[in-house]
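Take a look at the structure below.
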There are 2 protein chains.
Amino acid sequence: MSHTVGVRQAQKQKTRQALLDAGLRLLEEQSLSSLGLREVTRLVGVAPAAFYRHFRDMADLGVALVEEALGSLHGMIRAILAEQDGDEERIEGTVDAVAQHVRAYPAHVRFIARERHGGVRPVREAIAAELGRFVDEVAAAFAVQLVADGWSAEDIRMLAELYVDHMVMTAAAFLEAAPDRTAAADTVSTAEGSAAVDAEAADRAAAEVEARIAATACSQLRIISLGRRHWRDA
Amino acid sequence: MSHTVGVRQAQKQKTRQALLDAGLRLLEEQSLSSLGLREVTRLVGVAPAAFYRHFRDMADLGVALVEEALGSLHGMIRAILAEQDGDEERIEGTVDAVAQHVRAYPAHVRFIARERHGGVRPVREAIAAELGRFVDEVAAAFAVQLVADGWSAEDIRMLAELYVDHMVMTAAAFLEAAPDRTAAADTVSTAEGSAAVDAEAADRAAAEVEARIAATACSQLRIISLGRRHWRDA
DNA sequence: TCATTCAGTAAACAGCCGTTCTCTCACTTT
DNA sequence: AAAGTGAGAGAACGGCTGTTTACTGAATGA
């Protein structure tokens with residue numbers, strides 16, 4: 001068979017991924033600057049010292065998580081920019097893609113939103129750099145049409161920043177609407193099935209909130225889109 | 001003399017304020033979920049147990065900080081909304097007010113940006129609630145004119161949300177541009193005055209970045225403003 | 001004036017933390 | 001088949017954490 005890159009390295013990367021997964025899981029309920037090394041290794045089932053075989057410290061693991069989290073986002077952005085329909089379809093497609101991404105990778109999105117302005121500098125800088133690349137990508141896609149309309153390069157980038165920031169904002173808003181599985185059943189349950197009923201009700205309520213957020217985000221994108229179309233008048 | 005509300009209570013509130021100040025200072029380089037009780041009391045010069053005379057736990061102190069931080073913002077919003085000039089003056093006045101506020105209360109702004117999506121639920125909720133009140137305020141100010149133009153209540157709120165979110169985004173951007181006093185002089189200094197020269201150069205560079213952020217924010221507000229004016233056409 | 005209240009102290013507690021050793025032993029290379 | 005490598009184990013370290021306890025003594029109100 002071909003070069004299987006070694007059983008050794010495969011096991012190592014498996015452990016490394018387990019550390020990343022455990023970290024991401026624990027970060028759903030705290031921030032990176034309070035995440036402990038022992039906490040992570042304990043969840044993986046590995047000795048504390050093993051951590052140092054993969055990361056120098058927690059900030060290092062955080063930076064690795066940034067790459068993982070924004071790597072998955074890259075595909076989403078490309079899918080959105082590839083759409084060739086009219087303005088309205090594009091807007092709804094964008095918001096839909098964001099909603100879908102939040103549903104698929106809630107922990108990644110939460111991590112980015114939380115650590116974007118968080119207490120660990122290297123992680124903040126990594127996120128800023130990666131989001132900057134997104135802005136470049138969006139700007140490049142816009143440039144195709146806008147340069148012909150007489151837009152300057154810096155105005156195009158300004159617009160791209162507005163779109164990217166709005167996407168991050170929308171993603172964070174969707175996250176807050178997501179059902180809270182941590183919520184304890186502190187109400188007195190009278191029947192065995194009431195918990196399931198409550199969960200269903202909560203799901204329906206969350207779906208409503210989600211739809212409202214999507215509608216708001218679409219309207220806001222429509223406003224921005226309108227402004228873009230009338231930009232040259234000034 | 002009149003009722004001086006007691007020397008006792010005055011001293012207590014003085015200590016309480018010292019705890020809040022110390023907490024805010026320590027939070028410039030970490031997030032709330034990693035801020036320790038002993039850390040705060042040590043900086044104030046008070047026994048650890050004294051903390052419990054003022055706050056139940058760190059989350060409680062965090063909520064108190066939210067009220068303090070967004071209380072000062074309230075005045076700024078009112079000042080912005082009070083402006084009665086034309087659209088362009090209004091936009092520049094808004095961005096200017098935000099920049100001024102960030103310069104005056106950088107720690108407050110950093111705290112809000114950091115903990116808005118941070119790891120402590122009660123604090124997140126307190127910030128969300130307070131920002132919601134800001135949206136209401138902005139929406140009410142907009143309603144005066146927009147209702148006459150045929151805007152629905154929920155569209156007005158949608159627009160207000162866009163403005164408030166954009167203001168928070170802009171404030172966070174200004175914060176990143178602020179000079180980093182923590183930055184160590186890791187370059188080899190050849191003369192005694194070079195540190196001061198470096199600091200001056202850094203200040204000038206920061207001012208440039210700040211101006212660029214302000215220009216971008218103004219343009220983005222212009223886009224939104226344009227979109228608002230053409231909203232009824234759809 | 002005297003009893004009361006209560007902000008802040010000091011000490012002790014068990015428990016967790018990051019980091020550093022030395023060691024083992026399965027895999028890899030020669 | 002032998003030598004080398006390196007991921008992970010296990011134990012130990014000093015230091016820091018939140019919380020509780022019993023206490024002091026100055027401001028308070030009758």
Side-chain angles (χ1 to χ4, degrees), chain A residues 1-27 29-65 118-123, chain B residues 1-27 29-65 118-123:
Chain A
M1 310 312 157
S2 66
H3 197 230
T4 34
V5 301
V7 179
R8 207 91 180 273
Q9 287 205 3
Q11 251 304 339
K12 176 167 182 179
Q13 286 195 348
K14 209 169 164 184
T15 305
R16 190 188 129 102
Q17 190 58 47
L19 287 168
L20 288 171
D21 292 346
L24 198 62
R25 190 151 100 74
L26 290 166
L27 281 172
E29 283 159 358
Q30 61 187 306
S31 23
L32 185 61
S33 70
S34 71
L35 182 59
L37 177 154
R38 293 183 106 104
E39 218 176 332
V40 176
T41 55
R42 195 186 308 129
L43 189 59
V44 174
V46 121
F51 182 89
Y52 295 102
R53 299 283 181 194
H54 304 274
F55 307 101
R56 196 165 305 143
D57 49 27
M58 265 305 157
D60 199 19
L61 181 140
V63 171
L65 275 178
V120 183
R121 175 129 30 140
V123 172
Chain B
M1 310 311 156
S2 67
H3 197 230
T4 34
V5 301
V7 180
R8 207 92 181 271
Q9 288 207 2
Q11 252 303 341
K12 174 167 184 179
Q13 286 195 348
K14 209 170 163 183
T15 305
R16 190 188 130 104
Q17 190 59 46
L19 288 168
L20 287 171
D21 292 347
L24 197 62
R25 190 152 100 74
L26 292 166
L27 282 173
E29 283 159 357
Q30 61 187 306
S31 23
L32 184 62
S33 71
S34 71
L35 182 60
L37 177 153
R38 293 182 106 106
E39 217 175 333
V40 176
T41 56
R42 194 185 309 129
L43 189 59
V44 175
V46 119
F51 182 89
Y52 296 102
R53 299 282 179 197
H54 305 274
F55 307 102
R56 196 164 306 141
D57 49 27
M58 265 304 157
D60 199 19
L61 181 140
V63 171
L65 275 179
V120 184
R121 175 125 33 133
V123 172

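Note on naming: letters A, B, ... go to the chains in the order of the sequence lines (proteins, then strands), and numbering restarts at 1 for each one. Values below: all heavy atoms of this structure, side chains included; hydrogens, waters and symmetry mates excluded. In this text, all values refer to a predicted model and were calculated from it rather than measured experimentally.
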Among residues at least two apart in sequence or on other chains, which ones pass side chain to side chain contact (heavy atoms under 4.5 Å, CB included) with [X]?
X	answer
B/Gln17	B/Leu20, B/Asp21, B/Glu68
A/Ala18	A/Val44
B/Gln13	none
A/Ala49	none

task = Report the C-alpha separation of B/Ser34 and A/Ser34 in whole Å, then their side-chain angles, then the decisive distance to 0.1 Å, and conclude whether the side-chain hydrogen bond (donor to acceptor under 3.5 Å, both in side chains) test is met.
result = CA-CA 4 Å; B/Ser34 71; A/Ser34 71; 5.7 Å; no

| message | Check the phosphate of C/dA7 against B/Thr15, side-chain N and O only, distance under 4.0 Å to OP1 or OP2. Yes or no? | response | no

Return the polar atom pairs (N/O with N/O) between nucleotides 2-6 of chain D and the protein under 3.5 Å, or none.
from: D/dT5; atom 1: O2; to: A/Arg8; atom 2: NH1; distance (Å): 3.4
from: D/dT5; atom 1: O2; to: A/Arg8; atom 2: NH2; distance (Å): 3.2
from: D/dG6; atom 1: O4'; to: A/Arg8; atom 2: NH2; distance (Å): 3.4
from: D/dG6; atom 1: N3; to: A/Arg8; atom 2: NH2; distance (Å): 3.0

Rounded to whole Å, please give me the gap between [atom1] in [X] and [atom2] in [N].
X	N	atom1	atom2	value
B/Gln17	C/dA7	CD	P	17 Å
B/Phe51	C/dT9	CZ	C1'	17 Å
B/Gln9	C/dG8	CD	P	12 Å
A/Leu19	C/dG18	CG	P	13 Å
A/Lys14	C/dA26	NZ	P	17 Å
A/Phe55	D/dG8	CZ	P	11 Å
B/Leu35	D/dC16	CG	P	16 Å
B/Met58	D/dT17	CE	P	10 Å

Between the protein and nucleotides 19-21 of chain C, which nitrogen or oxygen pairs are less than 3.5 angstrom apart?
from: C/dT19; atom 1: OP2; to: A/Tyr52; atom 2: OH; distance (Å): 2.6
from: C/dT19; atom 1: O5'; to: A/Tyr52; atom 2: OH; distance (Å): 3.2

The answer to which of B/Ala50 and A/Arg42 contacts DNA chain C further toward the 5' end, by nearest nucleotide, is B/Ala50

Against the side chain of A/Val7, the closest entry in D/dG8, C/dC27, C/dG8 is C/dC27

**Q.** Side-chain donor/acceptor of A/Ser31 to backbone N/O of A/Leu27, under 3.5 Å
**A.** no

side-chain contact (heavy atoms from CB on, under 4.5 Å) test vs B/Lys14 passes for just one of B/Lys12, B/Gln11, B/Arg16, namely B/Gln11

Check: A/Leu61 and A/Phe51 side chains under 4.5 Å, non-hydrogen atoms = yes

If we only count heavy atoms from C-beta on, is the A/Val120 to A/Met58 side-chain gap below 4.5 Å?
->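 Of all side-chain heavy-atom pairs linking A/Met58 with A/Val120, none is under 4.5 Å.
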
Terminal axes of the helix from C/dA14-D/dT17 to C/dT30-D/dA1 (5 end pairs apiece), angle rounded to 10 degrees, sit apart by 20°

Contacts of A/Glu39 meeting side chain to side chain donor-acceptor pair (under 3.5 Å) (sequence neighbours excluded), chain-then-number -> A/Gln30

For residues 41-61 of chain B, the side chain to side chain donor-acceptor pair (under 3.5 Å) pairs (sequence neighbours left out) are none

